[in-house]
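See below for the structure under consideration.
Values reported hereafter were calculated over all heavy atoms of this structure, with side chains retained and with hydrogens, waters and symmetry mates removed. Start at 1 with the first residue, then count along the sequence.
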Amino acid sequence: PAAAAAAAAATTLQRTYCRLLEDIYRRCCPEKLGNVPHIMEKYKGMEPEILDKAARMYVFSEGRDREHWQPWIEGMYKRFNPEKLQGLEQILEKYLDSEAVLFKALCDKYLPTLGAED
């Protein structure tokens, strides 16, 4: 039973990373959306790194304005720690010019907490 639960959690986590990667591609480079299954298969076990690379390239890249990337950070807090939303401005000030680092930290902290029902 414990091994089955661990396998289910790993599958849930992989699906979550896949959905986030698909969302990035859908919003930022829809012409590459069809590549996501291949990317996920090729880099299986490296999902956090792949998501971070795509987020840095397409969401948090230089020249992207706050309206483009803030919903990603806000969404993480809304889903996992809504109390933090009232202090979002201070958090963003702390991570000024390091928003991708903040997003990765949020993913690393909260995504592994998802259960199979999420």
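- In this structure, CZ in Arg26 is found 5.5 Å from CG in Asp23, a value given to the nearest 0.5 Å.
- Interatomic distance, Leu96 CG to Ile91 CD1, rounded to the nearest 0.5 Å: 14.0 Å.
- The distance from the CE atom of Met57 to the CZ atom of Arg64 is 11.5 Å, given to the nearest 0.5 Å.
- In this structure, NZ in Lys32 is found 5.5 Å from SG in Cys29, a value given to the nearest 0.5 Å.
- Looking at Glu99, its side chain does come within 3.5 Å of a backbone N or O of Asp97 through a donor-acceptor pair.
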Discussion item. For Lys94 and Leu102: C-alpha separation, side-chain torsions, deciding distance, then whether side-chain contact (heavy atoms from CB on, under 4.5 Å) applies.
Written reply: CA-CA 10 Å; Lys94 179 181 175 182; Leu102 172 59; over 6 Å; no
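- No side-chain donor from either of Tyr58 and Lys53 sits under 3.5 Å from a side-chain acceptor of the other.
- Within the 3.5 Å criterion, the main-chain N or O of Gly45 finds a donor-acceptor partner in the side chain of Glu47.
- Among all heavy-atom pairs drawn from Asp108 and Pro48, the shortest one is OD1-CB, 4.2 Å.
- Contact annotation: the side chain of Leu111 approaches that of Leu20 to within less than 4.5 Å [non-hydrogen atoms, C-beta and beyond].
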Validation: residues 71-84 side-chain donor-acceptor distances under 3.5 Å, sequence neighbours left out:
{"from": "Glu74", "atom 1": "OE1", "to": "Gln70", "atom 2": "NE2", "distance (Å)": "2.9"}
{"from": "Arg79", "atom 1": "NH2", "to": "Asp118", "atom 2": "OD1", "distance (Å)": "2.9"}
{"from": "Asn81", "atom 1": "ND2", "to": "Tyr110", "atom 2": "OH", "distance (Å)": "3.0"}

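- Among all heavy-atom pairs drawn from Val36 and Cys18, the shortest one is CG1-SG, 3.9 Å.
- How far CG of Leu51 is from CG of Leu21: 6.5 Å, rounded to the nearest 0.5 Å.
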Practice prompt. Let me see the working for Cys107 and Lys104 under side-chain contact (heavy atoms from CB on, under 4.5 Å), right down to the final yes or no.
Written response: CA-CA 5 Å; Cys107 290; Lys104 180 166 182 7; 5.6 Å; no
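- Counting heavy atoms from C-beta outward, Tyr17 and Thr12 have side chains that stay 4.5 Å or more apart.
- Contact record, Met40 with Gln14: CE-O, 3.8 Å, taken as the closest heavy-atom pair.
- Salt bridge status for Arg56 with Asp52: present, with a side-chain N to carboxylate O gap under 4.0 Å.
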Worksheet item: What's the verdict on salt bridge (charged side-chain N to carboxylate O under 4.0 Å, His left out) for Glu89 and Arg66, showing C-alpha distance, side-chain angles and the deciding distance?
Response: CA-CA 12 Å; Glu89 283 303 315; Arg66 184 174 177 163; 2.6 Å; yes
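- Looking at heavy atoms from C-beta onward, Tyr25 lies in side-chain contact with Ile39 at the 4.5 angstrom threshold.
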Item to complete: Starting from the C-alpha separation in whole Å, work towards a yes-or-no answer on side-chain contact (heavy atoms from CB on, under 4.5 Å) for His68 and Cys28.
Response: CA-CA 10 Å; His68 181 79; Cys28 302; 3.8 Å; yes
